[in-house]
Each structure stands twice: as C-alpha cells, then as structure tokens.
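Step one of this worksheet: look at the structure below.
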2 protein chains.
Amino acid sequence: MRIGALSQRTGVSERALRYYEEQGLLSPLRRPSGYREYTDEHVHTVRSIRTLLAAGLGTATIADVLPCMVEEGGQLAAACPDLLVDLARERDRITAAMNELRAAREMLDAIIAAPVPPEAAGTLDCDEAVGTAFGAPPVPSP
Amino acid sequence: MRIGALSQRTGVSERALRYYEEQGLLSPLRRPSGYREYTDEHVHTVRSIRTLLAAGLGTATIADVLPCMVEEGGQLAAACPDLLVDLARERDRITAAMNELRAAREMLDAIIAAPVPPEAAGTLDCDEAVGTAFGAPPVPSP
DNA sequence: GTTGACTCTGACATCGACGTGAGGGTTTAG
DNA sequence: CTAAACCCTCACGTCGATGTCAGAGTCAAC
C-alpha cells in the first residue's frame with residue numbers, strides 16, 4: 001500500500017510517517033517512481049512506534065529498541081537483554097513523571113479545597129475581565 | 001530588592017523572572033534607571049508561579065488565575081468561583097495525563113515481562129550496531 | 001490523453017519556557 | 001573617581017514531533 005492508505009489505516013499523518021522513516025524507524029520499499037510501498041507489517045510497526053512514543057520515548061530511543069522488538073499476538077516483546085536495561089530506565093522515567101504529576105495534582109487539590117480567608121474575600125479581582133489586575137492587558141487591542 | 005536578589009531568594013533565573021513579567025505574571029516597580037524593584041510579596045508570587053507551573057499550567061492560564069489567588073500560611077487558596085472551574089479543568093487534565101502515563105508504563109512493563117519467542121531469539125539485530133536492521137542507514141554518507 | 005487524485009522532496013513554521021550573548025547603562029564599594 | 005558588579009533591552013537559539021506550503025512528478029480512471 002502507499003502512504004495515504006497507511007496513513008488511513010493507522011491514523012498517523014503522512015508527514016509523521018515520512019518523519020519516522022527519516023528517523024530510521026520505518027523503511028518502506030520504493031517503487032521506481034520513488035513512491036513508498038508499505039506492507040501490512042508496517043501497520044504493526046507504526047502501531048509499535050505510536051505505543052513507544054505514547055510511552056514518552058523519543059524517536060532516537062525507539063530507533064534503538066525497535067530492531068529488537070518482536071510481535072507476539074499483538075504484544076511487543078523485548079528480544080535483547082540490552083534493550084531490557086533501556087526499557088527499565090524508561091519505565092523509571094515514566095514513574096518519576098507520574099509522581100511529579102501526582103504531586104502537582106495534590107497541590108491543585110489543596111488549592112481548590114483551601115478555605116478563602118474572609119479578609120481577602122472582597123479584595124480580589126474576580127471579574128471576568130481577567131488579567132487586567134496588572135495594568136497592562138496581555139493581549140493589546142488589535 | 002533587585003532582580004538578582006529575587007533570583008537568589010527564589011532559585012529562579014533572572015531570565016525566567018523577566019519572562020514572567022513579559023507574560024503578565026509579575027509586575028515589579030521600576031526605578032528611574034529602569035531597574036526592576038521587587039518586594040517580599042513578589043517572592044511569594046514567584047513561589048506561586050512555580051507551583052502552578054509545576055502543576056503543568058501554562059503561563060497564560062497562570063496569568064488568569066494568579067490575580068485570584070491568595071496565600072494563607074504558605075498555602076495557596078482560590079478566591080474566585082470561576083477560578084475553581086479552571087483549576088478543576090486543569091486537575092482533570094493532569095489526571096488524564098497520569099492515566100496516559102500509566103497506560104504507557106503498563107505497556108512497557110508488558111514488553112519487559114513478555115517471554116522472548118524462541119524462533120525469534122537469534123534472528124534479531126541485538127548488537128551495538130543499532131539501526132542497521134533496516135538496510136538503509138538513517139544518516140547517509142556525506 | 002487528459003484530468004484529478006496522489007505522491008515526492010525540500011524547507012520553513014509551530015509551541016513553551018526559558019538559555020545565551022551582544023551592546024550598553026547603573027550602582028556601589030574602595 | 002574608578003572598577004567591578006549589577007542591570008537593561010533586544011533578539012536569536014533550543015528541543016521534538018509534527019503542520020504546512022511550494023513546485024514538480026506519477027498513477028488511475030474515463
């Protein structure tokens with residue numbers, strides 16, 4: 001199939017698919033005309049790429065791990081010990097990111113739940129004209 | 001105090017402090033020379049900004065909510081109902097981001113824990129020469 | 001063969017919170 | 001008074017995964 005069909009089947013833009021190839025993540029055959037020719041296998045590869053991108057891995061890392069991936073019933077599996085180290089590191093990174101988000105959310109929750117001190121209740125600029133409290137509007141009139 | 005002192009007291013770079021002002025988050029007085037003059041209050045404001053930034057809010061959102069914030073014993077509180085709506089929306093956004101990360105981490109965990117199919121054990125390019133499995137090197141010789 | 005849909009390769013634009021450096025005034029300690 | 005330290009305003013650079021546009025070639029149906 002050509003790039004448009006792959007784009008439709010994966011929901012990934014053609015631009016992104018070309019970008020993946022540029023980054024060494026995807027290597028379609030080429031017709032004599034230069035058109036990219038993809039196989040059904042590439043559909044799975046693209047899904048793997050999206051999965052890893054969603055996991056927060058960069059294309060460079062994905063380029064490292066992708067050759068070591070093998071599909072098993074829709075499930076990616078790591079075929080190399082070195083890869084496991086990388087994946088574990090990424091996993092830790094994700095965990096750390098989650099902890100940061102959790103802390104941030106708790107902060108927000110605390111703000112939301114905090115009682116408003118009575119002496120400040122009427123002194124604040126709570127109108128819909130937000131942002132004018134500083135004197136200079138962030139968006140000047142066009 | 002001047003910007004260097006505020007930077008030291010908050011641990012925020014001078015560049016960032018000027019950026020916050022540019023975004024309407026901070027409005028120090030100006031000396032005749034043009035030097036910014038900050039008060040102790042600004043120290044708290046900067047802390048609030050960092051808190052909200054750490055929570056994943058953008059400067060535009062912070063510019064909206066900051067005029068409605070009040071400090072109470074080191075704890076930020078929302079003084080406007082409208083603000084609560086915004087904060088709740090941000091909270092939901094953070095929760096969604098956490099869920100994405102959780103899903104991504106579970107995928108990584110599954111990959112890590114997945115058994116390596118025997119028939120694929122020796123067929124993959126697990127050497128340090130990564131990226132050559134596709135036939136075309138991502139960086140062509142110049 | 002012709003039209004219209006599809007594809008190609010560049011290459012510049014985007015977003016966000018700053019980093020960094022140039023070129024030039026200001027403050028302050030000695 | 002002078003030198004060092006501090007501060008000012010531009011303004012461009014960063015990172016990463018795309019969006020978008022231009023100009024040109026290709027494929028499929030009629």
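Naming convention: chains lettered A, B, ... in sequence-line order (proteins, then strands); numbering from 1 in each chain. Here the structure is a predicted model, which means the values were calculated and not measured.
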*asked:* Can you tell whether the side chains of B/Arg89 and B/Asp86 come within less than 4.0 Å, N to carboxylate O?
replied: yes

*Can you list, by residue number, the residues of residues 3-11 of chain B that have a non-hydrogen atom closer than 4.0 angstrom to DNA chain C?*
none

*What distance do A/Thr51 atom OG1 and A/Ile62 atom CD1 have between them, rounded to the nearest 0.5 Å?*
9.0 Å

_Let me confirm one number: the CE-CG distance from A/Met98 to B/Asn99, rounded to the nearest 0.5 Å._
8.0 Å

*Rounded to the Å, how far apart are A/Ile62 CD1 and D/dG16 C1'?*
12 Å

*Annotated protein contacts, base or backbone, on nucleotides 18-30 of chain D with a non-hydrogen cut-off under 4.0 Å, one of B, S, - each*: BBB----BBS---

_For B/Ser7, side chain to side chain contact (heavy atoms under 4.5 Å, CB included) partners two or more places apart_ = B/Glu14, B/Leu17

*Sequence neighbours left out, what passes side chain to side chain contact (heavy atoms under 4.5 Å, CB included) with B/Thr61? Give chain and number order.*
B/Leu57, B/Val65, B/Glu90

In a table with atom names and distances, give each donor-acceptor pair under 3.5 Å that connects a side chain of residues 103-114 of chain A to protein atoms at least two apart or in another chain.
residue: A/Arg105; atom: NH1; partner: B/Thr95; partner atom: OG1; Å: 3.0
residue: A/Asp109; atom: OD1; partner: B/Arg91; partner atom: NH1; Å: 3.1
residue: A/Asp109; atom: OD2; partner: B/Arg91; partner atom: NH1; Å: 3.0

*Using atom types as modelled and distance alone, determine if a side-chain donor or acceptor of B/His44 lies under 3.5 Å from a backbone N or O of B/Glu41.*
no

*Between the main-chain N or O of A/Gly56 and the side-chain N or O of A/Arg93, is there a donor-acceptor pair closer than 3.5 Å?*
yes

_Sugar-phosphate, base or nothing in reach of A/Arg36, heavy atoms under 4.0 Å_ = sugar-phosphate

_Opening and closing nucleotides of DNA chain C in contact with chain B, under 4.0 Å to non-hydrogen atoms_ = C/dA17 to C/dT27

